[in-house]
Number of protein chains: 2
Amino acid sequence: MVTNTTVEEVLAALEQADTLEAIQEAILKLREYFRIDNMVYHWVDSAGEQYGYGTYPLEWAAHYQEQNYIRIDPVIAGCYKRFHPVDWKRLDWSGKAVKAFQAEAIEYGIGNQGYSIPIRGPNGQFALFTVNHTCDDTEWEEFTETNRRELILIAHYFNQKALEFEPNRAPEQSQPLSPREIDAMTLLAIGYSRAQVADTLSISEHTLRVYIESARFKLGASNTTHAVARALSRGLIVV
Amino acid sequence: MVTNTTVEEVLAALEQADTLEAIQEAILKLREYFRIDNMVYHWVDSAGEQYGYGTYPLEWAAHYQEQNYIRIDPVIAGCYKRFHPVDWKRLDWSGKAVKAFQAEAIEYGIGNQGYSIPIRGPNGQFALFTVNHTCDDTEWEEFTETNRRELILIAHYFNQKALEFEPNRAPEQSQPLSPREIDAMTLLAIGYSRAQVADTLSISEHTLRVYIESARFKLGASNTTHAVARALSRGLIVV
DNA sequence: CTGGCCCTCACTATTTCTGGGGAGTTAATA
DNA sequence: TATTAACTCCCCAGAAATAGTGAGGGCCAG
């Protein structure tokens, strides 16, 4: 039944996609191929905003956003803690608000079965790829078992595209830090005070301050904390 | 030439693996199957420590660790900023120290060609899956083009195993921050002073300090800068 | 061989942050 | 219902960070 050919084709098409329409088309094709109700890729923003491509009813998406459901959605919470794909049945659906949310979702046409794959990119980027259907547990388990690998790959490709389309999310490049500046930022990031850093680097605290200031300047940061945060999120230091 | 069967088999075996030996065996099988010099999965620790499974010469691994090469290794730096797999040729190998590092690596038996796949897990976990070979550019490009999808999947499976085997390695997981604490950490990370943060959140600076302190406590941080750095590298906040 | 960047050290005054303490209200949960 | 957790506000003294300016030696590339 399931041959690799079609997925391969769609992945190849997805790789070439350069418009949002092409991506949406790929999702529709995949949904048709897998014969499931919904297939959604969405980026989960730190600010609680979500956006992406997929087949969820627009009303549900709007309602979800409006109600700020990201705060209680167990799929978000569960996937955020995990690395591997998660069947919705294995999530924690206890709690009054959560149960109400679940009931409402089904009302809006979301299937009773779901399978979500968390994906993470640089700078704490987080996204979800979800397939969703209405069927019984046995059928669903068979589906997810059979297609897990394809789904993981598809998730990966969608995220790659999404990162391409969000260049403002791409790492801003800045002047590189000097070795001493990197040392200073790194030690500060692991919790050393200025005195400790100066001691560790065997330099005077005065000198250290020069490094911190020049790093701050290079990074366009307004204080030490900001400088360390930028150095971290630009990948200039690793902590 | 390349059929899916063997990779499928190894992935299935890897999924069942419950000892380090089984994992190491899987890597050896995969290396044999792909006919390349080296294949390595390694976890990149927040402290700059690395460990994993693979076929790099032990001397090189020890030397790398000893010299703290993680600080200059362009593969680490490059993959940390990217989502998609990276051919080593596309990394930045300029700089005296980096060139020396590269020369030394080849001396130790590391191939001239490489392809690394960054993988990220919860709480800012970061790992790399690398394949590595000695051949010319054309051959290497053909190899990576052909096998990219399999390699991505393999990377995923290795990381999944690693997370299973190192549950305590996610000690970086800490109590979640409260919404207000996240607000505070986020605003501090983008350079706001305490006064500005308090103003933005429409609370008194005293209250803000309570949040910062409790966040610091939850994160086990010794000061604000440390707390923000940890929140960032654990993926609790995004800047 | 000169300009630019890196490393090192020093001083002062002002602003900001830290680390203790205590105390009350709401909301959700067990 | 009792308990927990989050959110809000307040005081103070001491420690740390910031913004200025200045200066000398080393190294590398144009």
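So you know, we letter chains A, B, ... as the sequences are listed, proteins then strands, and number each from 1. Because only heavy atoms are used, hydrogens play no part in the values below, and waters and symmetry mates are left out as well, while side chains stay in.
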Please give, in whole Å, the distance from [N] [atom2] to [X] [atom1]?
{"X": "B/Phe217", "N": "D/dA6", "atom1": "CZ", "atom2": "P", "result": "12 Å"}
{"X": "A/Glu181", "N": "C/dC5", "atom1": "CD", "atom2": "P", "result": "12 Å"}
{"X": "B/His206", "N": "C/dA23", "atom1": "NE2", "atom2": "C1'", "result": "14 Å"}
{"X": "B/His226", "N": "C/dT18", "atom1": "NE2", "atom2": "P", "result": "13 Å"}
{"X": "B/Asp183", "N": "D/dC7", "atom1": "CG", "atom2": "P", "result": "8 Å"}
{"X": "B/Ile203", "N": "D/dT8", "atom1": "CD1", "atom2": "P", "result": "6 Å"}
{"X": "B/Met185", "N": "C/dC17", "atom1": "CE", "atom2": "P", "result": "12 Å"}

Checking B/Asn159, B/Thr130, B/Ile117 against B/Tyr41 for side-chain contact (heavy atoms from CB on, under 4.5 Å), the one that qualifies is B/Asn159
Base, sugar-phosphate alone, or nothing: which one does A/Thr207 contact when heavy atoms must sit under 4.0 Å apart?
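Since a base atom lies under 4.0 Å of A/Thr207, the category is base.
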N/O-N/O pairs, protein side and nucleotides 15-19 of chain D side, under 3.5 Å:
unit_1	atom_1	unit_2	atom_2	d
D/dA17	OP2	A/Arg194	NE	2.7
D/dT18	OP1	A/Thr224	N	2.9
D/dT18	OP1	A/Thr224	OG1	3.0
D/dT18	OP2	A/Thr224	OG1	2.5
D/dA19	OP2	A/Arg216	NH2	2.2
D/dA19	N6	A/Arg209	NH2	3.2

Does OP1 or OP2 of C/dT8 have a side-chain N or O of A/Tyr211 closer than 4.0 Å?
yes
Hey, is the side chain of A/Ser178 poking within less than 4.0 Å of OP1 or OP2 on C/dC7, counting only N and O atoms?
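Yes, such a contact exists.
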Going by the angle between their ring planes, with limits at 30° and 60°, are A/Phe158 and A/Phe129 parallel, tilted or perpendicular?
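A/Phe158 vs A/Phe129 ring planes: parallel.
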Do the rings of B/Phe101 and B/Trp93 sit parallel, tilted or perpendicular, given the 30° and 60° boundaries?
parallel
A/Lys218 side-chain proximity, nearest of D/dC9, C/dT8, C/dC6:
C/dC6
Side-chain donor-acceptor pair under 3.5 Å between B/Asp73 and B/Tyr64, yes or no?
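Yes - a donor-acceptor pair under 3.5 Å links their side chains.
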Please compare B/Ser202 and B/Leu177 by the position of their nearest nucleotide in DNA chain D and report the one closer to 5'.
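Closer to the 5' end of DNA chain D: B/Leu177.
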Show the nearest heavy-atom pair for residues A/Met39 and A/Arg31, with the distance to one decimal.
SD-N, 4.0 Å
Checking side chain to side chain donor-acceptor pair (under 3.5 Å) between B/Gln113 and each of B/Glu141, B/His133, B/Lys89, which is the one that passes?
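Of the listed options, the one satisfying the test is B/Lys89.
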Side chain to side chain donor-acceptor pair (under 3.5 Å) partners for B/Thr200, two or more places apart
none
